[in-house]
Amino acid sequence: MIQVAPSLLAADFARLGEEVSMVNKSRASLIHIDVMDGIFVPNITIGFPVIKAISRIAEKPLDVHMMVCDPGRYVDQVREAGAEIMNVHWEACTHLDSVIRSIRLAGMKAAVTLNPATPVMLLRDVIRDLDMVLLMSVNPGFGGQNFIPNTVRKVRELRSLIAESGSEAVIEIDGGVNLETAPALIEAGADILVAGSYVFRASDPFKAISDLIDLSE
């Protein structure tokens with residue numbers, strides 16, 4: 001069954017506690033948190049004090065997506081903030097293998113994110129060491145963007161790479177996920193759908209989450 005990870009980037013930050021509580025009560029599996037530094041991506045979002053506050057009330061595991069330069073510098077801070085999964089960009093890591101090992105040694109699950117123009121095969125040498133691969137289906141930095149259709153082909157390529165290598169990594173998709181784009185992603189082999197605007201701007205967020213999950217039944 002497909003899992004859903006609501007992205008707090010699209011939440012109402014003036015009501016952040018209430019938004020997290022809504023996710024707690026929903027059928028979502030994870031809470032996706034985007035950390036942006038204004039350099040790697042053209043936006044700045046929340047930092048570690050806010051993540052730590054979220055972790056105190058979150059009842060779902062925190063999937064912390066580091067859209068920052070040199071994310072390996074922050075492994076300890078991400079763990080201390082309460083993350084279960086640390087997601088780093090391939091494009092931001094000079095020594096990706098070392099960063100993956102550091103994440104795992106810190107007791108977190110290791111995930112690597114690929115931007116839309118980054119080929120899946122660049123993960124061939126590390127795929128067995130990963131718990132998750134996140135494919136961006138929009139260019140990172142802002143919520144509410146249109147889905148990039150080529151992502152479906154990349155999901156299929158990644159599913160093949162995982163099968164060939166014997167990796168146990170799951171596939172997560174982030175960007176433009178809704179009831180129109182999700183079916184093709186699920187058919188191609190996606191395991192987790194990150195949904196921001198689709199969930200938090202819905203008149204009924206609980207139903208929005210359930211509707212995505214029910215697509216895989």
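The chain is numbered in sequence order, starting from 1.
- For the atom pair OG of S29 and CD1 of I213, the computed distance is 6.0 Å after rounding to the nearest 0.5 Å.
- Looking only at side-chain heavy atoms (C-beta outward), F206 and V23 stay at 4.5 Å or farther from each other.
- Residues L30, I85, V170, I192 make up the rest of the hydrophobic cluster containing M132, defined by ILVMFWY side-chain heavy atoms closer than 4.5 Å, directly or through other members.
- With contacts defined as side-chain heavy-atom distances shorter than 4.5 Å, the pair T113/V88 does not qualify.
- Linking ILVMFWY residues whenever their side-chain heavy atoms come closer than 4.5 Å, directly or via other members, places M1 and I173 in the same cluster.
- Side chain of S137 to main chain of G175: a donor-acceptor pair is present (N/O by atom type, distance under 3.5 Å, no hydrogens or angles).
- In this model, no donor atom of one side chain and acceptor atom of the other lie less than 3.5 Å apart for D34 and T45.
- No side-chain heavy atom of V50 sits less than 4.5 Å from a side-chain heavy atom of F13.
- In the hydrophobic cluster analysis, where Ile, Leu, Val, Met, Phe, Trp and Tyr join through side-chain heavy atoms closer than 4.5 angstrom, L122 is grouped together with V126.
- Not counting sequence neighbours, the partners of Q77 by the side-chain contact (heavy atoms from CB on, under 4.5 Å) test are F48, Y74.
- For the atom pair CG (L123) and CG (L135), the distance works out to 8.5 Å, reported to the nearest 0.5 Å.
- Not a single ring-ring contact (aromatic ring centres under 6.0 Å, His included) links F147 to another residue, sequence neighbours left out.
- Using a 4.0 Å cut-off between a side-chain N of Lys or Arg and a carboxylate O of Asp or Glu, D131 and R104 qualify as a salt bridge.
- By the 4.5 Å heavy-atom criterion applied to side chains, E84 and K60 are not counted as neighbours.
- Considering every non-hydrogen atom in both V99 and C93, the closest pair reads CG2-SG, 4.2 Å.
- When side chains are defined from C-beta on, W90 counts as touching L96, because their heavy atoms get closer than 4.5 Å.
- The side-chain heavy atoms of V194 and V177, taken from C-beta on, include no pair separated by under 4.5 Å.
- Under the 4.0 Å criterion applied to side-chain N and carboxylate O atoms, R73 and D70 are assigned as salt-bridge partners.
- Note on I51 and M67: separate hydrophobic clusters, where clusters join Ile, Leu, Val, Met, Phe, Trp and Tyr whose side-chain heavy atoms are under 4.5 Å apart, directly or indirectly.
- Remark: T151 OG1 to L158 CG distance equals 11.5 Å, nearest 0.5 Å.
- Two different hydrophobic clusters hold V4 and M136 under the rule that ILVMFWY side chains link at heavy-atom gaps under 4.5 Å.
- For the pair Y198 (side chain) and A208 (backbone), a donor-acceptor distance under 3.5 Å is present.
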Verdict with supporting geometry, L114 and L134, side chain to side chain contact (heavy atoms under 4.5 Å, CB included): CA-CA 6 Å; L114 299 181; L134 169 57; over 6 Å; no
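- For the pair I44/D37, no side-chain contact is recorded, criterion being any heavy-atom separation below 4.5 Å from C-beta on.
- Side-chain contact between D76 and E80 is present, with at least one heavy-atom pair separated by less than 4.5 Å.
- A salt bridge between E164 and R159 is absent, with no side-chain N of the basic residue lying under 4.0 Å from a carboxylate O of the acidic one.
- Here E172 contributes atom CD and L185 contributes atom CG; the two are 12.0 Å apart, rounded to the nearest 0.5 Å.
- A donor-acceptor contact under 3.5 angstrom links the side chains of D63 and N87, judged on distance only.
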Evaluate M66 against F40 for side chain to side chain contact (heavy atoms under 4.5 Å, CB included), listing each step before the verdict. CA-CA 10 Å; M66 299 294 288; F40 181 69; over 6 Å; no
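- A donor-acceptor pair under 3.5 Å is absent between the side-chain atoms of N115 and the main chain of T118, judged by distance alone.
- The distance from atom CE of M86 to atom CD1 of I100, rounded to the nearest 0.5 Å, is 11.0 Å.
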Show, in sequence, the C-alpha distance, side-chain angles and deciding distance for H65 and I33, and conclude whether the side chain to side chain contact (heavy atoms under 4.5 Å, CB included) test is met. CA-CA 6 Å; H65 181 188; I33 301 176; over 6 Å; no
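- In this structure, the side chain of N43 does not engage the main chain of G38 through any donor-acceptor pair within 3.5 Å.
- A donor-acceptor contact shorter than 3.5 Å links the side chain of R128 to the backbone of S165.
- For the pair D214 and R27, the salt-bridge criterion is met [side-chain N within less than 4.0 Å of a carboxylate O].
- Once rounded to the nearest 0.5 Å, the distance linking CG of D174 with NE2 of H32 reads 4.5 Å.
- Cluster annotation: L9 and L16 are assigned to distinct hydrophobic clusters (Ile/Leu/Val/Met/Phe/Trp/Tyr, side-chain heavy-atom contacts under 4.5 Å, transitive).
- Put simply, the side chain of S167 never gets that close to the backbone of A163: no donor and acceptor are under 3.5 Å apart.
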Working note: I54 + I46, criterion side chain to side chain contact (heavy atoms under 4.5 Å, CB included); need CA distance, chi angles, decisive distance, verdict. CA-CA 11 Å; I54 292 168; I46 64 176; 4.2 Å; yes
